K.L.:
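Got a structure here, written out as structure tokens. Questions coming.
Fair warning: this is a prediction, and the values are worked out from it, not measured in the lab. In what follows, every chain begins at residue 1, and chains take the letters A, B, ... in the order their sequences are listed.
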Number of protein chains: 2
Amino acid sequence: MAKKIGMQTIILDKQPIILSGAAVVGKKEGDGPLARYFDEVVDDEYVGEKTFEAAESHLLHDAYIKALEKSNKSAADINVILAGDLLNQCTAASYAFRDTDTPFLGLFGACSTMSESIAIGAMFIDGGSADYVVCAASSHFCSAERQFRYPLEFGTQRTPTAQWTVTGAGTVILGKDGQGPKITCVTPGKIIDQGIKDANNMGAAMAPAACDTIMRHLQDTGRSVEEFDMILTGDLGSLGSTMLKDLLYRNNIDLKDKHRDCGLMIFDLSKQGVDCGGSGCGCSASVFSTYILDQFKQGLLKRVLFIATGALLSPTRSQQGESIPGVAHAVCVEA
Amino acid sequence: MAKKIGMQTIILDKQPIILSGAAVVGKKEGDGPLARYFDEVVDDEYVGEKTFEAAESHLLHDAYIKALEKSNKSAADINVILAGDLLNQCTAASYAFRDTDTPFLGLFGACSTMSESIAIGAMFIDGGSADYVVCAASSHFCSAERQFRYPLEFGTQRTPTAQWTVTGAGTVILGKDGQGPKITCVTPGKIIDQGIKDANNMGAAMAPAACDTIMRHLQDTGRSVEEFDMILTGDLGSLGSTMLKDLLYRNNIDLKDKHRDCGLMIFDLSKQGVDCGGSGCGCSASVFSTYILDQFKQGLLKRVLFIATGALLSPTRSQQGESIPGVAHAVCVEA
């Protein structure tokens, strides 16, 4: 039975277990520093499909199959799939999972989707509504550019604040029992909008939401930054990460050397031409599902606060001159 | 503590309560048979805003405020808002709730969003993860036409199988205690795709999913159609409703006179020029949050199976020649 503490945090009595994780990514991600952790690197951006959108669904389905295999569970053991993506309207996930025989609940949290799905899945297991859950998210550089900005053929010049949408899908399997790190508590975040209107500066749109959720989590749990091995944000990138540290510092929270950002980990910013780093639901989903779980397995991590961050960007509202709301959900993972 | 029974159904031990509901709708909906049940009818399709998208957020926020007032709870009592809509990308909900001080989890289930949010909210309350939850969904005829089909200015001729997207937003407040009908069990649905490719025939795309979820619910619970006062689908419309009855009949389930469809209830099909009836997340959300709750209050309903139905239509994938997957989630509401 879950217990609410403070303003927004839920302590999970049963401590649902991350049984396995898997990620399938694109070529550029396979050229990055985390290459050896990914389950598969796909050279063809179409993944053998006819469209980028179909390719993204393909990646997501493959990551799901691989995570399932590693969990030693069968598809019939899974009670529900919780998944989402960036496409209009959660297309990648809907098409990826239409051939499964498992109930599906679609989520939209933009790039916060991975921690949203893990938070909801963990609460379901804790409350007895599910025994085994699939949590998944994906993005694809080509489908996202077409969706949010310009067709690739247009050859738009990138701004220095831009981030590079990760081509990749990540999946974890949560279970009521088994071996693996545990989800001990979750802090669903509020929508925070500080008036950022630049669709090429997602880091700035998301940093205030990340700051709010981290502060809330620390206040609710009474924990300090020192008690974590890592405070892992989704994909703030270099500018957003600097902003987050600054915002927290002004609120008397010093992240010191604890902060890492999936958007800065998945690419080598000095060599790969990704400007401020990686982004997209698939960024934090891929990094968390592979590298982070591996570090837990090796005993190098004992407690991580994972905060995937989402810019709730609507091309339509942006064109209407609206600002971009951000949201961030935190899950605490412990060995 | 929840208990899973059969293949897909979850029995909610705590039986979360629907404390209140409210809906704010457009002029056409206000001219329909359920007019007197709605909390507010807005004559201006812009609701005083500059764009249709902003208008939809406005409706959703207003419905939330009204439901909150009727629940005798304050915004500070709410642990989480679960909401979604049809817009790219869950725009109406993100912007409607960005000024609240409440955690927000975005959902996407197309027109199944209302029962998806109630199902998730009820599982949260049952498991102790939340005490009070907002469940909400919206749609707007003008923003949906622009999003999924053609700009209104284009003056496209409607097909006989078309449905009319409801301009409206519905919200319910669920609580761990208080007065009102109870959520006794939920059946999250699977994605079902029977190959329908016509974006003007949503009823046909959704009927197989509704059939699957209803069959699963009845099998899991061991209940028969006779044990319900109403089997209430979201917005199958006239063609989809006929298909649902036919599909169930072939599986030896006779809906008899128990079936109602929100898409057939919200408009007068003989007079209002809506072809096969109403559709959109806001259709079932508005009807369920007002008329259905009123019938419970009056003692005219004792047990209703509410199955909002969603066509997971992606304009991009449709233009690529793909079929339209459907999904339907069931919640059992009892006096």
K.L.:
Could you check whether atom CE of B:M7 has more than 12 heavy atoms from other residues, nucleotides or ligands sitting under 6.0 Å from it?
P.N.:
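Counting other residues, nucleotides and ligands, CE of B:M7 stays at 12 neighbours or fewer.
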K.L.:
Between B:I192 and chain A, which part of the residue has a heavy atom less than 4.5 Å away: side chain, backbone, both or neither?
P.N.:
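B:I192 has no heavy atom closer than 4.5 Å to chain A.
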K.L.:
Report the option among A:P315, A:A110, A:G84 that has the most heavy-atom pairs separated by less than 4.5 Å from atoms of chain B.
P.N.:
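Most pairs with chain B among the choices: A:P315.
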K.L.:
Just wondering, do A:I10 and B:F124 contact through their side chains at under 4.5 Å, heavy atoms?
P.N.:
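No, every pair of side-chain atoms sits at 4.5 Å or beyond.
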K.L.:
Is it the backbone or the side chain of A:L313 that comes under 4.5 Å from a heavy atom of chain B, or both, or neither?
P.N.:
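Contact with chain B: backbone only.
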K.L.:
Which one, B:V186, B:V327, B:I120, leads in non-hydrogen pairs under 4.5 Å with chain A?
P.N.:
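Of B:V186, B:V327, B:I120, B:I120 has the most heavy-atom pairs under 4.5 Å with chain A.
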K.L.:
Considering only heavy atoms, which portion of B:I11 lies under 4.5 Å from any heavy atom of chain A: side chain, backbone, both, or neither?
P.N.:
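Neither part, no heavy atoms under 4.5 Å.
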K.L.:
Less than 4.5 Å to any heavy atom of chain A: does that hold for the side chain of B:I324, its backbone, both, or neither?
P.N.:
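Only the backbone of B:I324 comes within 4.5 Å of chain A.
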K.L.:
State the CD1-CZ distance between B:I191 and A:F97, to the nearest 0.5 angstrom.
P.N.:
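Spacing of CD1 (B:I191) from CZ (A:F97) equals 8.0 Å.
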K.L.:
Please rank B:G106, B:A119, B:A54 by heavy-atom pairs under 4.5 Å with chain A and give me the top one.
P.N.:
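The candidate making the most pairs under 4.5 Å is B:G106.
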K.L.:
What part of B:L87 gets within 4.5 angstrom of chain A, counting heavy atoms only: side chain, backbone, both, or neither?
P.N.:
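Backbone only.
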K.L.:
Which one of A:G189, A:A93, A:G326 has the most heavy-atom pairs closer than 4.5 Å to chain B?
P.N.:
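So the answer, after comparing A:G189, A:A93, A:G326, is A:G189.
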K.L.:
Table up the donor-acceptor pairs between chain A and chain B that sit under 3.5 Å, atom names plus distance.
P.N.:
residue: A:A2; atom: N; partner: B:G127; partner atom: O; Å: 3.0
residue: A:K4; atom: NZ; partner: B:G128; partner atom: O; Å: 3.1
residue: A:K4; atom: NZ; partner: B:D131; partner atom: OD1; Å: 2.9
residue: A:T51; atom: OG1; partner: B:Q320; partner atom: OE1; Å: 3.1
residue: A:E53; atom: OE1; partner: B:Q320; partner atom: NE2; Å: 2.8
residue: A:L86; atom: O; partner: B:Q89; partner atom: NE2; Å: 3.0
residue: A:N88; atom: O; partner: B:S314; partner atom: OG; Å: 3.2
residue: A:Q89; atom: NE2; partner: B:L86; partner atom: O; Å: 3.0
residue: A:Q89; atom: NE2; partner: B:Q147; partner atom: OE1; Å: 2.3
residue: A:T91; atom: OG1; partner: B:S314; partner atom: OG; Å: 3.2
residue: A:Y95; atom: OH; partner: B:S323; partner atom: O; Å: 2.7
residue: A:R98; atom: NH1; partner: B:D193; partner atom: OD2; Å: 2.5
residue: A:R98; atom: NH1; partner: B:E322; partner atom: OE1; Å: 3.2
residue: A:R98; atom: NH1; partner: B:S323; partner atom: OG; Å: 3.3
residue: A:R98; atom: NH2; partner: B:E322; partner atom: OE1; Å: 3.2
residue: A:R98; atom: NH2; partner: B:E322; partner atom: OE2; Å: 3.0
residue: A:D101; atom: OD1; partner: B:K190; partner atom: NZ; Å: 2.8
residue: A:F104; atom: N; partner: B:G189; partner atom: O; Å: 2.9
residue: A:G106; atom: N; partner: B:E116; partner atom: OE2; Å: 3.3
residue: A:G106; atom: O; partner: B:F108; partner atom: N; Å: 3.0
residue: A:F108; atom: N; partner: B:G106; partner atom: O; Å: 3.0
residue: A:E116; atom: OE2; partner: B:G106; partner atom: N; Å: 3.3
residue: A:G127; atom: O; partner: B:A2; partner atom: N; Å: 3.0
residue: A:G128; atom: O; partner: B:K4; partner atom: NZ; Å: 3.1
residue: A:D131; atom: OD1; partner: B:K4; partner atom: NZ; Å: 2.9
residue: A:Q147; atom: OE1; partner: B:Q89; partner atom: NE2; Å: 2.3
residue: A:G189; atom: O; partner: B:F104; partner atom: N; Å: 2.9
residue: A:K190; atom: NZ; partner: B:D101; partner atom: OD1; Å: 2.8
residue: A:D193; atom: OD2; partner: B:R98; partner atom: NH1; Å: 2.6
residue: A:S314; atom: OG; partner: B:N88; partner atom: O; Å: 3.3
residue: A:S314; atom: OG; partner: B:T91; partner atom: OG1; Å: 3.2
residue: A:Q320; atom: OE1; partner: B:T51; partner atom: OG1; Å: 3.1
residue: A:Q320; atom: NE2; partner: B:E53; partner atom: OE1; Å: 2.8
residue: A:E322; atom: OE1; partner: B:R98; partner atom: NH1; Å: 3.2
residue: A:E322; atom: OE1; partner: B:R98; partner atom: NH2; Å: 3.3
residue: A:E322; atom: OE2; partner: B:R98; partner atom: NH2; Å: 3.0
residue: A:S323; atom: O; partner: B:Y95; partner atom: OH; Å: 2.7
residue: A:S323; atom: OG; partner: B:R98; partner atom: NH1; Å: 3.3

K.L.:
Can you tell me which of B:G109, B:A130, B:A76 forms the most heavy-atom pairs within a distance under 4.5 Å of chain A?
P.N.:
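Going by pairs under 4.5 Å, I would pick B:A130.
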